[in-house]
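For reference, the structure is listed below as structure tokens.
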Amino acid sequence: MNADKIQNQLLDPRADPGGDYLVRALAYGGLVRAVAVRSTDVCATAREIHGLSPVTTAALGRLLSGVLLLTPDLEKKDDSITAIIRSDGPIESMTVVGQSVGRVRGSIRHPVVPGTLIRPGKLDVGQAVGRGQLTIVRDMGLKEPYVGQVDLVSGEIAEDLTAYLSLSEQIPSAIGLGVRMDQSGVTHAGGFLVQLLPDAGDEIAEHLESRVSGFPEVSYLMEEGFNPHQILDLLFGDPEIQYSDVTPCRYECPCNRKRMEQNLLTLGAAELASLAEDPEGIQLECHFCERRYRFTQNEVRGLISG
Ligand code: ZN
């Protein structure tokens, strides 16, 4: 964000800061909360890091965008939210971690799988994901993290996250997610999350349900030039909607050599001793950013005695 853009943002909470960002809003007199995100660069980065094929770009991109929508809940420095999908489709598993507001990273078991189309131009993400479970781990710095799990509804990600929020966390929610691509890569990606607050009555719930059910696909709207603010404007049709500050979003992996050492230590003495037998040492690769860390035989031995 350059100085002019920041200035615009201060003058107008609806100003588009450019690049990936998320915005929070309250609508219908504060009875409904919403988040919308533009995650085009985040999804393009994931595609590049993991060498994703089109259908895995769509699948992991949707999960990254979906977790971004949940990151405004991360209030403290070490809070995190992790979404894990394990399934019987060609992808097998995906993990996305939200580390702070607007920061995510993701990994996928099989980055390249053949895609099929639901209709021309529309990849069948549900087929690539298959049936299985979605697990969400919210680590809010308490003694125990909060863990919830639901069966996948369709493998299309947005419906699965919606089911998780509605069933496991009992917050009536609606989520829309989309990732669009052309030959060159990701052209548009984003999403929205809408949640009813406890005082919202049936009337607002029904009104919102009818607006959400007829709502165009997010990626289509983005292609038409809508930014996250404008997507929420269109969704709610509420001239009194209140936006709070925007947060820039990016793909970020906080891994480093120290953390990798700690991962090695969790293997236990016996496993480390067996790894220390290799005169070549070992090489670890981070699943989220594919950065490589080499440990010589002496360094592995040092960890054991350490
Ligand atoms: Zn990493």
Side-chain angles (χ1 to χ4, degrees), residues 20 37-68 82-99 103-136 151-161 175 177-191 217-220 222-223 249-255 260 263 282-294:
D20 286 357
V37 67
R38 178 163 60 213
S39 50
T40 311
D41 294 340
V42 166
C43 296
T45 303
R47 176 177 174 267
E48 197 176 301
I49 287 173
H50 298 297
L52 301 173
S53 64
V55 77
T56 54
T57 304
L60 188 59
R62 287 185 197 174
L63 194 57
L64 285 161
S65 309
V67 171
L68 275 172
T82 304
I84 303 154
I85 285 179
R86 284 187 224 285
S87 59
D88 66 359
I91 284 174
E92 272 188 41
S93 72
M94 293 191 282
T95 301
V96 168
V97 183
Q99 193 66 50
R103 304 280 184 274
V104 282
R105 62 187 188 275
S107 71
I108 188 165
R109 178 100 172 83
H110 297 289
V112 178
V113 307
T116 52
L117 297 175
I118 297 176
R119 56 170 199 269
K122 180 82 181 165
L123 285 157
D124 193 345
V125 172
Q127 187 272 334
V129 172
R131 287 170 305 179
Q133 280 82 39
L134 165 68
T135 307
I136 303 269
D151 287 337
L152 295 176
V153 176
S154 62
E156 294 279 336
I157 314 300
E159 288 169 39
D160 306 309
L161 286 168
I175 293 180
L177 299 169
V179 179
R180 245 171 223 230
M181 281 161 278
D182 64 12
Q183 296 296 334
S184 66
V186 179
T187 55
H188 300 281
E217 283 182 18
V218 178
S219 52
Y220 165 77
M222 294 182 72
E223 204 165 59
C249 296
R250 65 167 178 264
Y251 191 105
E252 188 176 271
C253 184
C255 73
M260 281 294 171
N263 287 347
I282 52 172
Q283 180 169 284
L284 296 180
E285 191 177 279
C286 172
H287 294 305
F288 294 104
C289 67
E290 310 218 341
R291 223 173 288 158
R292 288 180 186 154
Y293 296 89
R294 265 192 62 74

I'd like to check the side chain to side chain contact (heavy atoms under 4.5 Å, CB included) partners of [X]; sequence neighbours left out, ordered by chain and number.
X: Val153; value: Glu159, Asp160, Ala163
X: Arg294; value: Gln283
X: Val104; value: Val42, Leu64, Val67, Leu68, Thr71, Val96
X: Ser184; value: Asp182

Within a strict 4.5 Å, meaning less than it, do heavy atoms of the [X] and [Y] side chains meet?
X: Thr56; Y: Ile91; result: yes
X: Gln99; Y: Glu252; result: no
X: Arg131; Y: Leu152; result: no
X: Val179; Y: Leu60; result: no
X: Cys43; Y: Ser65; result: yes

Would Met260 and Cys286 satisfy side chain to side chain contact (heavy atoms under 4.5 Å, CB included), going step by step from the backbone distance to the final call?
CA-CA 8 Å; Met260 281 294 171; Cys286 172; 3.7 Å; yes

List in chain and number order the residues that pass side-chain hydrogen bond (donor to acceptor under 3.5 Å, both in side chains) with [X], two or more places apart in sequence or in another chain; answer none if no residue qualifies.
X: His50; answer: Tyr251, Glu290
X: Asp151; answer: Gln133
X: Thr95; answer: none
X: Thr135; answer: Gln149

Any chance you could measure [X], atom [atom1], to [Y], atom [atom2], to the nearest 0.5 Å?
X: Thr40; Y: Arg180; atom1: OG1; atom2: CZ; result: 12.0 Å
X: Cys255; Y: His287; atom1: SG; atom2: NE2; result: 11.0 Å
X: Leu63; Y: Ile108; atom1: CG; atom2: CD1; result: 9.0 Å
X: Cys249; Y: Arg103; atom1: SG; atom2: CZ; result: 8.0 Å
X: Ile118; Y: Asp124; atom1: CD1; atom2: CG; result: 4.5 Å

Residues passing the salt bridge (charged side-chain N to carboxylate O under 4.0 Å, His left out) test with Arg291, sequence neighbours excluded, are none

Please report the closest heavy-atom contact between [X] and [Y], naming both atoms and the distance.
X: Val129; Y: Ala59; value: CG2-CB, 4.3 Å
X: Val97; Y: Phe288; value: CG2-CZ, 3.9 Å
X: Val125; Y: Ala58; value: CG2-CB, 3.6 Å

Does His110 NE2 have over 12 foreign heavy atoms under 6.0 Å away?
yes

Qualifying salt bridge (charged side-chain N to carboxylate O under 4.0 Å, His left out) pairs, either residue in residues 106-121, two or more places apart
Glu92-Arg109, Arg119-Glu217

Summary of salt bridge (charged side-chain N to carboxylate O under 4.0 Å, His left out) pairs that have at least one residue in residues 44-63, sequence neighbours excluded
Arg62-Glu156

Strictly distance-based, threshold 3.5 Å: is any side-chain N or O of Ser219 a donor or acceptor partner for the main-chain N or O of His188?
no

Evaluation steps, side chain to side chain contact (heavy atoms under 4.5 Å, CB included), between Leu123 and Leu117:
CA-CA 4 Å; Leu123 285 157; Leu117 297 175; 3.9 Å; yes

Candidate pair Leu52 and Met181, rule side chain to side chain contact (heavy atoms under 4.5 Å, CB included), full reasoning
CA-CA 12 Å; Leu52 301 173; Met181 281 161 278; over 6 Å; no

